[in-house]
Amino acid sequence: MTEPLLKDKTAVITGAAQGIGFAIAQLFIDEGARVVVADIDATAAGSAADKLGGSAIARGVRCDVTNGDDVDAVLGAAAESFGPVDVMVNNAGITRDATMRTMTEEQFDQVINVHLKGTWNGTRKAAAIMRDRKQGAIVNLSSLSGKVGMVGQTNYSAAKAGIVGLTKAAAKEVAHHGVRVNAIQPGLIRTAMTEAMPQKAWDQKMSEIPMHRAGEVAEIASVALFLASDLSSYMTGTVLEVTGGRFM
Ligand code: NAP
């Protein structure tokens with residue numbers, strides 16, 4: 001039998017109480033990792049950890065990724081429960097869609113803060129621990145919206161494009177310390193974030209997808225596993241599109 005891909009690794013996944021982050025947590029545990037579910041909602045983080053199998057393999061910790069001290073605390077909790085972080089997934093996210101004509105400054109700032117500053121916090125703080133241990137993998141969730149720009153998402157597209165630049169710059173800074181930093185650009189994935197979309201917008205997106213279907217969270221989780229594990233040991237600073245061929 002082959003070894004699980006993340007045997008005895010400690011993974012921290014932000015925004016993992018639901019959606020893509022939760023699916024990543026499930027798959028990482030199936031592959032031998034122990035996982036900290038870091039989410040802004042403490043109760044949701046705790047019940048996600050319970051669903052994942054409880055305290056021997058999963059711990060829920062409240063963490064607002066926009067706050068550097070919270071990110072330090074979650075990394076500290078991971079070390080205390082399972083050992084120093086080996087894999088960091090910066091996945092937490094929100095949308096505040098509106099056209100530029102109606103978007104408020106607050107909506108712009110909120111999205112930039114959670115996605116861009118949150119990913120910066122997670123990347124720099126995990127990298128600081130990993131570089132001392134000369135190993136580690138960081139996976140950042142960008143979006144196809146950051147590649148092509150989407151109407152109503154000047155905030156989100158800017159943040160998700162920013163995550164690509166951040167990923168590449170960070171990858172160059174820490175590559176010689178044995179730490180890899182890569183990003184995923186999902187297309188339309190079926191989660192709470194996208195199921196709130198009006199039917200007309202959903203149908204429009206569907207017509208743009210060569211594979212004629214939305215992706216499932218497990219199809220992002222498997223790519224996160226690839227980037228988190230030694231399967232991608234010679235890859236850093238890359239951006240993998242998981243889109244069913246949309247906007248290739
Ligand atoms: P989701 O179901 O809404 O999950 C995101 C999680 O992040 C939620 O539990 C959310 O909590 C949490 N969160 C929000 N703000 C936070 C903060 N400041 N600190 C910590 N946690 C916070 O979203 P998803 O669809 O799984 O998306 C996950 C990631 O993939 C996001 O970065 C998203 O932009 C990206 N993505 C998704 C799609 C898609 O089609 N679904 C496509 C491209 C990229 P609350 O629910 O309480 O806000």
Side-chain angles (χ1 to χ4, degrees), residues 12-27 36-49 51 60-75 88-97 107 109-123 125 139-150 153 155-164 166-167 183-197 201-202 205-206 208-209 213-221 223-224 227 239-244 246-247:
V12 173
I13 307 169
T14 68
Q18 60 182 47
I20 291 171
F22 184 79
I24 294 172
Q26 265 179 325
L27 183 59
V36 172
V37 172
D39 201 279
I40 191 136
D41 182 333
T43 313
S47 50
K51 269 192 260 169
V61 177
R62 188 200 170 272
C63 168
D64 177 353
V65 295
T66 67
N67 182 315
D69 291 342
D70 276 15
V71 177
D72 280 332
V74 94
L75 290 165
M88 179 81 193
V89 182
N90 293 301
N91 163 82
I94 58 169
T95 48
R96 297 288 183 270
D97 292 359
Q107 288 173 321
D109 288 345
Q110 281 175 333
V111 168
I112 296 292
N113 268 330
V114 173
H115 289 280
L116 194 50
K117 189 175 172 196
T119 300
W120 180 66
N121 276 335
T123 300
K125 287 178 180 293
V139 181
N140 293 333
L141 270 290
S142 174
S143 167
L144 196 52
S145 183
K147 176 185 173 181
V148 300
M150 303 269 186
Q153 294 196 321
N155 50 3
Y156 186 80
S157 295
K160 291 304 203 185
I163 287 172
V164 171
L166 186 164
T167 297
I184 301 175
Q185 285 188 327
L188 181 65
I189 309 301
R190 203 185 296 278
T191 67
M193 191 182 262
T194 51
E195 282 193 332
M197 197 182 289
W202 182 270
K205 288 179 193 297
M206 208 54 69
E208 298 163 352
I209 304 171
R213 66 172 179 89
E216 302 298 332
V217 290
E219 294 176 306
I220 302 300
V223 177
L227 292 176
V239 182
L240 299 187
E241 294 178 22
V242 189
T243 64
R246 186 168 168 226
F247 301 141

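As the structure lists them, so they are numbered: ligands from 1, and atoms in each ligand from 1. Side chains are part of it too, since the values below use all heavy atoms of this structure and drop only hydrogens, waters and symmetry mates.
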Say whether [X], considering both its backbone and side-chain N or O atoms, lies within less than 3.5 Å of an N or O atom on ligand 1.
X: S143; result: no
X: D64; result: yes
X: C63; result: yes
X: V65; result: yes
X: D41; result: no

(message) Give me the atom names and distance for the closest heavy-atom approach of K160 to L141.
(response)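 Scanning both residues completely, I find the closest heavy atoms to be NZ-O, 2.7 Å.
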(request) Determine the minimum heavy-atom distance between A49 and G60, stating which atoms define it. (result)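 Where A49 meets G60 most closely, the heavy atoms are CB-N, 3.4 Å.
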[atom]: which protein heavy atom is closest, and how many Å away?
atom: atom 42 (C) of ligand 1; result: G187 O, 3.0 Å
atom: atom 5 (C) of ligand 1; result: G93 O, 3.8 Å
atom: atom 23 (O) of ligand 1; result: M193 CE, 3.6 Å
atom: atom 32 (O) of ligand 1; result: N91 O, 2.8 Å
atom: atom 37 (C) of ligand 1; result: I20 CD1, 3.7 Å
atom: atom 9 (O) of ligand 1; result: D39 OD2, 2.8 Å
atom: atom 41 (N) of ligand 1; result: T191 OG1, 3.2 Å
atom: atom 40 (O) of ligand 1; result: I189 N, 2.8 Å

Could you tell me whether ligand 1 has any atom less than 4.0 Å away from a heavy atom of [X]?
X: F22; answer: no
X: K160; answer: yes
X: H115; answer: yes
X: T14; answer: no

(request) Run down the list G122, G15, S142 and name the one with the heavy atom closest to atom 7 (O) of ligand 1. (result)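 It is G15 whose heavy atom sits nearest to atom 7 (O) of ligand 1.
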(request) Pick, from T119, I40, V74, V37, the option with the minimum heavy-atom distance to atom 16 (C) of ligand 1. (result)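 Among T119, I40, V74, V37, the closest heavy atom to atom 16 (C) of ligand 1 belongs to I40.
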Side-chain touch [X]/[Y], heavy atoms, less than 4.5 angstrom:
X: V111; Y: I94; value: yes
X: V65; Y: V114; value: yes
X: V139; Y: M88; value: no
X: Y156; Y: M150; value: no

(request) State the CG-CH2 distance between L188 and W202, to the nearest 0.5 angstrom. (result)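 So the CG of L188 and the CH2 of W202 are separated by 4.0 Å.
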(request) Take N140 and T119 through the test side-chain hydrogen bond (donor to acceptor under 3.5 Å, both in side chains) and record every step on the way to the result. (result) CA-CA 7 Å; N140 293 333; T119 300; 5.2 Å; no
For ligand 1, which atoms, with element, lie under 4.0 Å from some heavy atom of [X]?
X: Y156; value: 33 (C), 34 (O), 35 (C), 36 (N), 43 (C), 44 (C)
X: T194; value: 39 (C), 40 (O), 41 (N)
X: G19; value: 2 (O), 26 (O)

(request) For T66 and D64, test the side chains for any donor-to-acceptor distance below 3.5 angstrom and give the result as yes or no. (result)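 Distance-only check passes for T66 and D64.
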(message) Here's a test for you: under side-chain contact (heavy atoms from CB on, under 4.5 Å), which of E241, K147, E208 qualifies with R246?
(response)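 Of all the options given, the one that passes is E208.
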(request) Going by the side-chain contact (heavy atoms from CB on, under 4.5 Å) test, name the single residue among V164, N90, T167 that passes it with S142. (result)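 The side-chain contact (heavy atoms from CB on, under 4.5 Å) with S142 is passed solely by V164 among V164, N90, T167.
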(request) With heavy atoms only and a cut-off of under 4.0 Å, state how A44 meets ligand 1: side chain, backbone, both or neither. (result)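 Contact part for A44 vs ligand 1: neither.
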(request) Classify the contact between I94 and ligand 1 as side chain, backbone, both or neither, using a heavy-atom distance cut-off of under 4.0 Å. (result)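 Side chain only.
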(message) Whether the side chain of N91 engages the backbone of G15 through a donor-acceptor N/O pair (distance < 3.5 Å, no angle test) should be reported.
(response)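 Present.
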